[in-house]
Amino acid sequence: MPLNRKQIAVTQPRRVAAASLAARVSEEFGCQIGHEVGYQVRFSNVTHPHKTKLKYLTDGMLLRELMIDGKLSKYSTIILDEAHERTVLTDLIMGFLKQLLVSKQRTDLKVIVMSATLNAELFSKFFNDAPILFVEGKMYPVGSFYLTDSNEDIVDTMIRTVIQVNRSEQEGDVLCFLPGQEEIDNCVQVLTQLAPHLPKDSPIIVPLPLYAQLSPNQQAKIFEKLPARRRKVILATNIAETSITVSGVKYVIDSGLRKVKVWKHQLGLSTLLTTPISKASAKQRAGRAGRESAGKVFRLYLEKTFDQFPKQQESEIIRNDIILPILTLKKLQVDDLLNWSWLEHPGQEAILSALNTLYSLGALNDSGKITSLGYKMAVLPLPPQLSVVLITAMEFGVLNPVIDIVACLSVDNLLLNVGGSNGEVRDEVNYKRRQFCPLGCKFGDLIALKEYFNYFMETNSAETKAWCKELFFSYKGFKNVMKVRHQLRDYMIATVKQDDSMKQHERDGLLRKVKLQLDDEEQGEMDIPKVLKSFLKGYITNTAIGMPDRSYRTFNTGQLISIHPSSNLFGKVNLDCVMYLEYVFTAKGYGRNCSAMELGWLQEIAPHILGASKISIANS
DNA sequence: GAGCACTGC
């Protein structure tokens with residue numbers, strides 16, 4: 001293809017950004033979106049096969065394209081935007097692009113990395129001292145103010161600062177950054193109570209919470225226009241730092257804190273801790289006050305403390321588990337992982353731990369080469385554990401229910417937080433939810449998801465909308481479940497069609513079997529043991545045994561673990577065995593998304609692991 | 001008997 005016929009790709013870490021940038025640029029360029037300028041993200045491809053010259057896409061999408069065409073031949077130029085955010089996917093793409101350039105597989109490819117100035121050096125060095133261009137951004141000045149005494153209680157300090165800002169500052173909305181929803185709910189509650197009692201010569205404050213687990217409806221409140229003499233006080237998590245932009249904000253109050261999930265590969269669990277933000281993050285938060293006019297940021301920490309903040313946050317590739325990235329690299333025929341062109345090396349231990357997990361999932365063989373199962377896993381748009389679950393479900397003949405459950409698991413914030421600190425409403429919602437999952441109450445959260453999903457499928461949309469509202473389920477989330485479900489069904493059929501490890505007639509036979517499994521008309525009662533055993537194949541190490549003292553201990557290491565309060569099985573102390581999809585350490589070790597298992601199922605799925613357990617299960 | 005920030009295919 002001649003160079004000038006090739007496309008220009010611009011990657012974005014978030015889907016909405018890809019879509020809205022394409023809309024803006026096509027308008028400025030004067031074309032219909034999807035013609036010369038288009039975008040491609042999961043579930044929507046707004047491009048033209050011949051016309052599109054400039055394509056906005058998510059970095060995950062570009063990585064998919066890399067798997068199909070390792071040379072990215074259809075592009076003349078790749079522009080990586082927001083590279084400073086250092087998502088795992090942007091990091092990986094950068095490593096591949098470097099390989100393409102260094103190995104001279106592509107001599108005509110231009111790569112442009114766009115980043116905040118702060119870490120331009122890092123990218124320049126990585127691409128063999130590539131030249132750096134500086135582009136001034138348009139931004140109004142933002143004055144910063146710091147505390148003069150260190151604060152004791154962040155919620156209390158936040159509330160007092162809001163009141164003071166409201167009393168002494170000109171009109172303009174206030175955006176407050178807090179670490180988590182607990183702090184936000186507390187602040188909203190107190191400020192709502194105080195609002196009517198504040199001095200009458202100041203605007204009336206309208207406190208509004210903003211975090212991911214609120215329903216789209218509740219989130220939309222922050223965009224509503226208020227009557228005169230009111231002032232929005234938005235209390236938000238990091239969601240307002242990059243994902244959601246609110247107009248009208250003139251003042252930012254920054255707690256200087258955020259919550260970070262860090263994966264501990266030595267322990268096989270993640271921790272969720274409140275930690276100080278970075279200087280880069282503090283700047284980004286402050287910038288939210290200067291988008292439309294000059295603004296102010298009130299930082300709830302000492303200036304000295306700011307100076308001690310790290311320059312930037314630890315990158316994702318350092319703090320996340322890298323099981324999927326390692327599988328992706330293996331799929332792309334990278335053998336020497338330790339010496340690959342990592343933008344930032346995740347460390348030998350993390351790599352070995354990921355390899356180990358992939359080996360036990362069956363994705364790699366004894367010599368570390370990717371297996372045919374591993375190929376299938378790498379193609380599915382799921383974490384490797386869930387890919388194993390799907391492939392096992394196909395063998396067990398329970399693909400239909402398992403796809404539905406996995407689709408539910410793939411959608412974030414499907415089950416919303418009841419929100420606020422209203423205990424009565426919460427208990428009532430929990431009670432109502434239980435009415436819809438009689439089997440889930442017994443077998444746990446995975447089966448409950450299937451029961452909810454069945455109800456969603458069986459009723460008409462007006463009813464389901466009301467049902468979702470009443471039970472605090474996300475209607476939009478369930479709509480997304482449908483999209484994922486559809487995609488997974490297609491992928492599973494494609495997986496069989498492309499499986500060259502068996503003969504033609506075997507493949508045809510399996511294909512018929514799979515299609516039969518997916519035929520909704522054929523579905524009878526769900527075979528719960530088989531469904532849960534499919535999950536066990538992917539999560540065999542995530543099991544805990546019920547001990548005589550009514551506690552649970554993890555099966556492989558003997559650690560104490562509790563059932564998370566959000567689980568249907570919360571409070572149950574007499575289960576033989578619990579399987580959890582995630583092990584998080586906050587106040588203590590919690591298993592999240594739990595299912596009740598029989599010891600016999602463990603024995604059946606992983607007899608070899610049973611012998612290696614650190615705890616004795618003879619007496620239970 | 002107590003609580004999860006965000007993003008991607």
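Keep in mind it's a predicted model, so treat the numbers as computed, not measured. Numbered from 1 within each chain, the chains take letters A, B, ... in sequence-line order.
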Next on the checklist: Less than 4.0 angstrom between a side-chain N/O of Arg64(A) and OP1 or OP2 of dG8(B), yes or no?
Outcome noted: no
Next on the checklist: Does Glu82(A) reach a base, just sugar-phosphate, or nothing at all? Heavy atoms under 4.0 Å.
Outcome noted: nothing
Checklist entry - Is Arg86(A) touching bases, backbone alone, or none of the nucleic acid, heavy atoms closer than 4.0 Å? => result nothing
Next on the checklist: What's Leu257(A) touching, base or sugar-phosphate or nothing? Going by heavy atoms closer than 4.0 Å.
Outcome noted: nothing
Item to check | Presence of salt bridge, Lys376(A) and Asp499(A), under 4.0 angstrom | outcome: yes
Checklist entry - If you check the Met61(A) side chain, which of dG8(B), dC9(B), dA5(B) turns out closest? => result dC9(B)
Next on the checklist: Output the rounded distance in Å from CD (Glu183(A)) to C1' (dA5(B)).
Outcome noted: 11 Å
Item to check | Whole-Å gap separating P (dG8(B)) and OH (Tyr56(A)) | outcome: 17 Å
Item to check | Nucleotide nearest Pro565(A) when distance is taken to its side chain, options dG3(B), dG8(B), dC6(B) | outcome: dG3(B)
Next on the checklist: According to side-chain hydrogen bond (donor to acceptor under 3.5 Å, both in side chains), who are the partners of Arg434(A), at least two apart in sequence or on a separate chain?
Outcome noted: none
Item to check | Atom of Ala282(A), atom of Phe306(A) and distance for their closest heavy-atom approach | outcome: CB-CE1, 3.7 Å
Next on the checklist: Under 4.0 Å, heavy atoms only, any strand: does Asp59(A) hit a base, just the sugar-phosphate, or nothing?
Outcome noted: nothing
Checklist entry - In whole angstrom, what separates Leu178(A)'s CG from dC6(B)'s C1'? => result 16 Å
Checklist outcome for this item: Winner on side-chain proximity to Arg42(A), out of dC6(B), dA2(B), dC9(B), is dC9(B)
Checklist entry - Starting at the 5' end of DNA chain B, which residue's closest nucleotide do you reach first, Pro179(A) or Pro383(A)? => result Pro179(A)
Item to check | Which nucleotide in dA2(B), dC9(B), dA5(B) has an atom nearest any side-chain atom of Gln181(A) | outcome: dA5(B)
Checklist entry - With a non-hydrogen cut-off below 4.0 angstrom, is Leu382(A) in contact with a base, only sugar-phosphate, or nothing? => result base
Checklist entry - Can you list the residues that meet the side-chain hydrogen bond (donor to acceptor under 3.5 Å, both in side chains) rule with Asn542(A), with sequence neighbours excluded? => result none
Checklist entry - Which nucleotide, dA5(B), dG8(B), dG3(B), lies nearest any side-chain atom of Arg14(A)? => result dG8(B)
Checklist entry - Expressed in angstrom and rounded to an integer, what is the separation of Leu80(A) atom CG from dT7(B) atom P? => result 20 Å
Checklist entry - Does OP1 or OP2 of dC9(B) have a side-chain N or O of Thr58(A) closer than 4.0 Å? => result yes
Item to check | d(CD, Gln12(A); P, dG8(B)) in whole Å | outcome: 11 Å
Checklist outcome for this item: Testing dC6(B), dG8(B), dA5(B) for proximity to the side chain of Ser243(A), the answer is dC6(B)
Next on the checklist: On DNA chain B, compare the nucleotides closest to Ser566(A) and Val41(A); which residue's is nearer the 5' end?
Outcome noted: Ser566(A)
Item to check | Closest to side chain of Thr586(A), choosing from dG8(B), dC9(B), dG3(B) | outcome: dG3(B)
Next on the checklist: Salt bridge check, Arg14(A) against Glu85(A): does any charged N sit closer than 4.0 Å to a carboxylate O?
Outcome noted: yes
Checklist entry - With a 4.0 Å cut-off on heavy atoms, is Thr237(A) in touch with a base, just the backbone sugar-phosphate, or nothing at all? => result sugar-phosphate
Item to check | Contact residues, residues 264-281 of chain A to DNA chain B [heavy atom, < 4.0 Å] | outcome: Leu272(A)
Next on the checklist: For dG3(B) and Tyr590(A) - does any side-chain N or O of the residue sit under 4.0 Å from the phosphate oxygens OP1/OP2?
Outcome noted: yes
Checklist entry - When you check the gap from the basic side-chain N to the acidic O, do Arg86(A) and Glu316(A) get nearer than 4.0 Å? => result no
Checklist entry - Is it true that Lys55(A) and Glu65(A) make a salt bridge, defined as a side-chain N closer than 4.0 Å to a carboxylate O? => result yes
Checklist outcome for this item: Considering only heavy side-chain atoms of Lys588(A), the closest of dC6(B), dA2(B), dG3(B) is dA2(B)
Item to check | Tyr452(A) and its side chain to side chain contact (heavy atoms under 4.5 Å, CB included) partner, picked from Cys468(A), Cys437(A), Cys408(A) | outcome: Cys437(A)
